[in-house]
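Heads up: the structure comes next, in structure tokens.
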Amino acid sequence: VNRAKESSPFGYIIKPFEERELRTAIEIALYRHEMDQKLRFSEERYRSLFEEAPTANFTATTLGHITDCNGTFLSLFAFSERAEAIGFPFVALFNKEKDGAAILEKTLRDTRTGQEEWALRKRNGEALSVLATLILRGGELRGYLVDVTEWRELEAQFRQSQKMEAMGRLPGGVAHDFNNIITAIMGYCNLLAEDVGDNPLIK
């Protein structure tokens, strides 16, 4: 019996047995086999979604140490291999570690951060902006990150170009308004000059 248990069978029956017992054991074994297949399929599907996702996915302990991550995560943070990332404290990826510690504490308290923008950095110190969701589930932290660094850089460039355009329009606007005032003054001066003419009473 012990040897049978060690082989992890889907079911077993001890001799002598009745036909009804055999039928029951077979049905239980088939059911367990079906559930095992579904579980394996579910795990493989989750692993496939985790690995192939365009988002940078990671899992971590409640202390914040990374336990798993996908290829996008490794590439985003410039880890050379998965083993280098495993055990790494994810709060150390923040520009300010105290911000990461605060987010970790908040997630452990509320179980989910919702989508937030985090200021992070690569292993080489290069700045990153990501939209992040961090969830506590089953005693494990799960993080999903979307790199928006390029978007933020383009937004900053656009805002700067708008400022420069506004600065360029300002002198032109001032000159235009000033010319309008000068034109009005010159017009009144001409009218006065015509009214005065050769009047000897006005010197």
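Quick note: numbers below take in every heavy atom, side chains included, and nothing from hydrogens, waters or symmetry partners.
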How long is the gap from [atom1] on [X] to [atom2] on [Y], to the nearest 0.5 Å?
| X | Y | atom1 | atom2 | result |
| --- | --- | --- | --- | --- |
| Leu145 | Leu120 | CG | CG | 6.5 Å |
| Thr133 | Tyr144 | OG1 | OH | 9.0 Å |
| Thr107 | Ile135 | OG1 | CD1 | 9.5 Å |
| Leu131 | Glu116 | CG | CD | 10.5 Å |
| Phe94 | Leu104 | CZ | CG | 9.0 Å |
| Phe90 | Leu141 | CZ | CG | 6.0 Å |

What verdict does the side chain to side chain contact (heavy atoms under 4.5 Å, CB included) test give for Cys69 and Leu74, after you've listed the backbone C-alpha separation in whole Å, the side-chain angles of each residue and the deciding distance to 0.1 Å? CA-CA 7 Å; Cys69 60; Leu74 296 175; 3.5 Å; yes
Which residues share a side chain to side chain contact (heavy atoms under 4.5 Å, CB included) with [X], sequence neighbours left out:
| X | result |
| --- | --- |
| Ala101 | none |
| Ser129 | Glu117, Val148, Thr149, Arg152 |
| Ser75 | none |

For this session: Answer yes or no: is there an ion pair linking Lys98 with Glu105, defined by an N-O contact shorter than 4.0 Å?
Result: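 No, Lys98 and Glu105 are not salt-bridged.
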Shared hydrophobic cluster, Leu134 / Leu108 (ILVMFWY, side-chain heavy atoms < 4.5 Å): yes
Sorted by chain and residue number, the salt bridge (Lys or Arg N to Asp or Glu O under 4.0 Å) partners of Lys96 (sequence neighbours excluded) come out as none
Which pair of heavy atoms, one from Ile66 and one from Ala85, lies closest together, and at what distance?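 Smallest interatomic distance, heavy atoms only, reads CB-O, 3.5 Å.
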Subject >> Main-chain N/O of Asp68 paired with Thr59 side-chain donor or acceptor, under 3.5 Å >> reply: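 Between the backbone of Asp68 and the side chain of Thr59 there is a qualifying donor-acceptor contact (under 3.5 Å).
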Query raised in the report: Quick check: does any side chain N or O of Asn70 sit under 3.5 Å from a backbone N or O of Thr55, one acting as donor and the other as acceptor?
Result: yes
Residue set satisfying ring-ring contact (aromatic ring centres under 6.0 Å, His included) with Phe77, at least two apart, ordered chain then number -> Phe73
Aromatic ring proximity Phe88/Phe79, centre distance under 6.0 Å
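Ring centres of Phe79 and Phe88 closer than 6.0 Å.
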Test side chain to side chain contact (heavy atoms under 4.5 Å, CB included) applied to Leu136 and Thr62, step by step:
CA-CA 8 Å; Leu136 177 63; Thr62 53; 4.0 Å; yes
Is there a side-chain contact between Thr72 and Asn57, using heavy atoms and a 4.5 Å cut-off? no
Determine whether Thr67 and Glu140 make a side-chain contact, defined as any pair of heavy atoms from C-beta on separated by less than 4.5 Å. yes
side-chain hydrogen bond (donor to acceptor under 3.5 Å, both in side chains) filter on Arg123, not counting sequence neighbours, yields Glu84
